[in-house]
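Please read the structure below before turning to the comments.
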Amino acid sequence: AGRLLGNSAVACAVTICYHVLLMATMGWTSAEGQTDPPSIPICELYPSGDFPKGEECEYPPSKDGRSAAWRTTHEEKRVLDKANEEMWNDFRQAAEAHRQVRNYVNTWIKPGMTMIDICERLEGCSRRLIKENGLKAGLAFPTGCSINHVAAHYTPNAGDPTVLQYDDVCKIDFGTHINGRIIDCAFTVTFNPKYDRLLEAVRDATNTGIKCAGIDVRLCDVGETIQEVMESYEVEIDGKTYQVKPIRNLNGHSIGQYRIHAGKTVPIVKGGEATRMEEGEVYAIETFGSTGRGAVHDDMECSHYMKNFSVGHVPIRLPRAKHLLNVINENFGTLAFCRRWLDRQGESKYLMALKNLCDLGIIDPYPPLCDTKGSYTAQYEHTILLRPTCKEVVSRGDDY
């Protein structure tokens with residue numbers, strides 16, 4: 001090499017190799033400037049403040065067959081879209097954090113890990129990438145890691161010994177937010193390929209719901225379309241065949257600022273409300289498929305809680321309950337939280353105070369939602385923006 005390139009060229013090549021090795025050792029990846037594991041906040045990766053857009057889709061044609069393509073070029077719609085650019089950008093920043101976190105999680109999640117370790121590792125990365133800052137930026141709700149017949153709202157409380165198994169079907173549902181603009185997005189993790197068809201059914205149903213959604217679309221029509229696709233799938237697990245059932249009492253929902261459920265529901269079966277989606281709204285389109293009854297009920301120890309968004313002033317007599325409410329207001333506001341997060345704030349012996357706040361209607365408990373034991377449930381979810389010009393699947397990634 002020295003004879004061909006000269007000593008100075010060799011020295012230069014050695015220096016370059018040294019820096020490449022150093023970058024690899026320090027965890028740098030050249031593709032996006034992110035480290036491995038991810039540690040650089042999204043706002044620092046995109047210092048211009050211009051964050052990656054999600055998948056931009058044309059709205060579905062109206063009932064009379066008219067195309068919605070005119071929205072993309074209509075001057076008034078473009079002006080309206082631009083007027084909300086700051087809000088859309090908050091969603092995009094939170095979505096990019098979600099994408100990078102979930103891609104990272106998929107590199108290490110495996111059987112044998114405790115659910116507490118999984119959640120805390122995921123949340124640690126999420127806090128770094130979103131650059132947690134009080135109520136201005138952070139985690140939007142606790143990490144759901146519901147297993148098998150448990151469809152939603154399970155996250156481990158302190159001391160929970162549950163370990164992820166090879167034959168488990170685990171729903172990873174977590175949220176990020178910037179200025180209360182929430183990304184609600186979920187996927188299902190399995191290790192045994194026998195569940196592949198179940199996951200395919202639910203992913204297809206969610207994508208169908210996303211495709212069907214749009215301005216002036218009736219919510220009941222979205223639900224009917226989702227059910228039709230979901231029930232078209234049959235899965236064989238351990239020699240038994242099941243028709244995949246949508247879980248009829250779970251649904252998608254509109255999202256408001258600092259309000260994960262903003263009032264409208266997107267059913268995943270037919271027969272829902274004829275209310276229409278409207279321009280400027282934000283929705284979580286999520287579907288759940290089950291090999292069980294296709295209905296869930298409250299069960300197991302509660303971990304998820306959230307302040308009632310519309311609660312007014314309620315007199316509190318217990319000093320411990322007053323203190324706990326102050327902690328909740330300061331750290332979570334009207335965003336959902338879990339017991340682990342209260343532990344993280346240094347709170348202890350708070351269960352009686354928490355029960356008192358629930359009894360007064362100030363805080364609402366959200367216990368795990370379960371189908372029949374022995375059944376398997378799967379979930380996929382995306383957040384969509386009904387922009388004036390187009391529909392943006394803001395949380396879309398290369399993975400799903």
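Keep in mind the model is a prediction, meaning the values are calculated, not measured.
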Legend entry - side chain to side chain contact (heavy atoms under 4.5 Å, CB included) between Arg248 and Gln227, intermediate numbers included: CA-CA 9 Å; Arg248 58 182 176 271; Gln227 180 175 10; over 6 Å; no

With a cut-off of 3.5 Å and sequence neighbours excluded, list every side-chain donor-acceptor pair involving residues 131-140.
unit_1	atom_1	unit_2	atom_2	d
Lys131	NZ	Glu44	OE2	3.2
Glu132	OE1	Arg127	NH1	3.4
Glu132	OE2	Arg127	NH1	2.6

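- No more than 12 heavy atoms of other residues, nucleotides or ligands lie within 6.0 Å of CE in Met352, so this atom counts as exposed by the packing criterion.
- Within the structure, side-chain hydrogen bond (donor to acceptor under 3.5 Å, both in side chains) contacts touching residues 288-299 (residues at least two apart or in different chains) are Ser290-Asp371.
- For Arg344 and Asn331, the side-chain atoms include no donor-acceptor pair closer than 3.5 Å.
- Using a cut-off of 4.0 Å between Lys/Arg side-chain N and Asp/Glu carboxylate O, Arg121 and Asp117 are scored as not salt-bridged.
- Side chains of Thr190 and Asn192: no donor on one and acceptor on the other come within 3.5 Å.
- Looking at Gln379 and Glu286, their side chains do bring a donor and an acceptor atom within 3.5 Å of each other.
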Inset, instruction - Begin from the C-alpha positions of Asp173 and Lys171 and carry the test salt bridge (charged side-chain N to carboxylate O under 4.0 Å, His left out) through to its verdict. - result: CA-CA 6 Å; Asp173 188 351; Lys171 282 69 66 184; over 6 Å; no

Legend entry - Stepwise side chain to side chain donor-acceptor pair (under 3.5 Å) test for Lys373 and Asn148: CA-CA 8 Å; Lys373 286 185 179 178; Asn148 299 334; over 6 Å; no

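- Contact detail for Tyr154 and Ser146: the closest heavy-atom pair is N-OG, 3.3 Å.
- Atoms CG and CZ, on Leu45 and Phe51 in that order, are 9.5 Å from each other to the nearest 0.5 Å.
- Closest heavy-atom contact between Cys212 and Thr225: SG-OG1, 3.9 Å.
- No donor-acceptor distance shorter than 3.5 angstrom exists from the side chain of Ser126 to the backbone of Leu122, with no hydrogens or angles considered.
- Sequence neighbours left out, the pairs with a member in residues 263-272 that pass side-chain hydrogen bond (donor to acceptor under 3.5 Å, both in side chains) are Lys264-Glu278, Lys264-Glu281.
- Listed by first and then second residue, the side-chain hydrogen bond (donor to acceptor under 3.5 Å, both in side chains) pairs that reach into residues 80-91 are Asp81-Trp88, Asp81-Arg387, Asp81-Thr389, Glu85-Arg92, Asp90-Asn179, sequence neighbours excluded.
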Inset, instruction - Show your working on ring-ring contact (aromatic ring centres under 6.0 Å, His included) between His177 and Phe141 and close with a plain yes or no. - result: CA-CA 9 Å; His177 83 91; Phe141 52 84; over 10 Å; no

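- The heavy-atom pair separating Pro156 from Cys119 by the smallest distance is CD-SG, 3.7 Å.
- Shown are Ile210, Asp184, Val266; of these, the side chain to side chain contact (heavy atoms under 4.5 Å, CB included) with Tyr283 is made only by Val266.
- The environment of Lys194 atom NZ is dense: over 12 non-hydrogen atoms of other residues, nucleotides or ligands sit within 6.0 angstrom.
- For the residue pair Glu234 / Thr241, no side-chain donor-acceptor distance below 3.5 Å is found, with atom types taken as modelled.
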Legend entry - Test salt bridge (charged side-chain N to carboxylate O under 4.0 Å, His left out) applied to Glu279 and Arg71, step by step: CA-CA 11 Å; Glu279 182 176 297; Arg71 285 183 167 273; 3.0 Å; yes

Inset, instruction - Evaluate the criterion ring-ring contact (aromatic ring centres under 6.0 Å, His included) for residue pair Tyr376 and Tyr195; output intermediate values, then yes/no. - result: CA-CA 9 Å; Tyr376 299 99; Tyr195 303 117; 4.9 Å; yes

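- Taking 4.5 Å as the limit, some side-chain heavy atom of Tyr400 sits within range of a side-chain heavy atom of His382.
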Inset, instruction - In sequence, state the C-alpha distance, the side-chain angles, and the governing distance for Glu96 and Arg99, and then conclude on salt bridge (charged side-chain N to carboxylate O under 4.0 Å, His left out). - result: CA-CA 5 Å; Glu96 182 60 23; Arg99 270 189 293 273; 2.9 Å; yes

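- Closest of all the heavy-atom pairs between Ile285 and Thr206 is O-CG2, 3.7 Å.
- In this structure, Ile116 stands alone, with no Ile, Leu, Val, Met, Phe, Trp or Tyr side-chain heavy atom under 4.5 Å from its own, directly or through other members.
- Apart from Ile178 itself, the hydrophobic cluster it occupies contains Ile130, where clustering links Ile, Leu, Val, Met, Phe, Trp and Tyr at side-chain heavy-atom distances under 4.5 Å.
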Inset, instruction - Evaluate the ring-ring contact (aromatic ring centres under 6.0 Å, His included) criterion for residues Phe174 and His98: first the C-alpha distance (whole Å), next the side-chain angles of each, then the deciding distance (0.1 Å), finally the verdict. - result: CA-CA 8 Å; Phe174 71 100; His98 197 287; 3.8 Å; yes

